[in-house]
Trainee: 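Once you've had a glance at the structure underneath, I'll fire off some questions.
Note that this is a predicted model, so its numbers are computed, not measured.
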Amino acid sequence: MTVVFLGIGSNKGDRLGYLRKAVGSVGRIPGVVVKAVSSVYETQPRGVEVQSDFLNAALAAESDLSAVELAGSLKALEQALGRTRSERWGPREIDIDLLLYDGLVLESDSLTLPHPELHNRRFVLEPLRELAPDFVHPRLQASIKDLYAHCPDNGWVKKTSMKLKQPE
């Protein structure tokens, strides 16, 4: 089994409900076992800034799927949970991103790993730092806590009291 980290986010509709459905659904993908779920963070929108605030979290999991298979399963899961596509970086019901796939560095037409913007996004690094502060980014050779400390993103990220359950 390969260690993987996912980022989830929502800013449209029942934000917490979408995150909860995503966590439960990821845990039902054959070949994926969710090991840990971060706290829920409320975050400032990036890109298109005139939209509702996001709720974000991170998941640590193990998978025996290839990176491409896992990414495809996650995109299909977004669709099954009701994601509608509009403008890039615009509002979305659910976003599920494969952030890290163990130490794999991959660039293809369909997938780039590690996620190419991971180190530039405080809303991704904060929950990821909670789960794996010492995990080393395989391309940048820096820990998640060091990437967080040097992140150029100045958007606000607030830990909430909302909870997500790890799938059984």
Trainee: Distance-only, no hydrogens or angles: does the S38 side chain make a donor-acceptor pair with backbone N or O of A58 under 3.5 Å?
Mentor: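 A pair under 3.5 Å: yes.
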
Trainee: Can you confirm if the aromatic rings of F5 and F135 lie within a centre distance of less than 6.0 Å?
Mentor: yes

Trainee: Only one of K159, E130, R122 passes side chain to side chain donor-acceptor pair (under 3.5 Å) with Y41; say which it is.
Mentor: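 Checked K159, E130, R122 against Y41; only one passes side chain to side chain donor-acceptor pair (under 3.5 Å): E130.
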
Trainee: Using a strict threshold of under 4.0 Å (side-chain N to carboxylate O), is an ion pair present between E107 and R139?
Mentor: yes

Trainee: With clusters defined by side-chain heavy atoms of hydrophobic residues (ILVMFWY) lying less than 4.5 Å apart, directly or transitively, does L128 cluster with V23?
Mentor: no

Trainee: Check whether any side-chain N or O of R129 sits under 3.5 Å from a backbone N or O of D146 as a donor-acceptor pair, and report yes or no.
Mentor: no

Trainee: Following the transitive rule for hydrophobic clusters with a side-chain heavy-atom cut-off under 4.5 Å over Ile, Leu, Val, Met, Phe, Trp and Tyr, establish whether L104 and I96 coincide in one cluster.
Mentor: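 Per the 4.5 Å side-chain linkage, L104 and I96 are co-clustered.
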
Trainee: Is the NZ or CZ atom of K145 positioned over Y148's six-membered ring, under 6.0 angstrom from the centre and within 45° of the axis?
Mentor: no

Trainee: Charged N to carboxylate O under 4.0 angstrom, E42 versus K158?
Mentor: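 Result for this pair is no, no salt bridge flagged.
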
Trainee: For the residue pair L6 and V26, establish whether any side-chain heavy-atom pair is separated by less than 4.5 Å.
Mentor: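 Heavy-atom side-chain distance check passes, below 4.5 Å.
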
Trainee: Verify, without hydrogens or angle tests, whether T43 (side chain) and V157 (backbone) share a donor-acceptor contact under 3.5 angstrom.
Mentor: no

Trainee: Is it true that a side-chain atom of D97 and a backbone atom of L99 form a donor plus acceptor pair closer than 3.5 Å?
Mentor: no

Trainee: Without swapping roles, check the side chain of N11 against the backbone of S52 for a donor-acceptor pair under 3.5 Å.
Mentor: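 At least one qualifying donor-acceptor pair exists.
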
Trainee: Examine M162 and F54 and state if one hydrophobic cluster contains both, with Ile, Leu, Val, Met, Phe, Trp and Tyr joined whenever side-chain heavy atoms are less than 4.5 Å apart.
Mentor: no

Trainee: Taking S66 for its side chain and E69 for its backbone only, find out whether a donor-acceptor pair lies under 3.5 Å.
Mentor: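 Yes; at least one donor-acceptor contact below 3.5 Å.
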
Trainee: Test your reading of the model: is there a side-chain donor-acceptor pair from T160 to the backbone of V40, 3.5 Å cut-off?
Mentor: yes

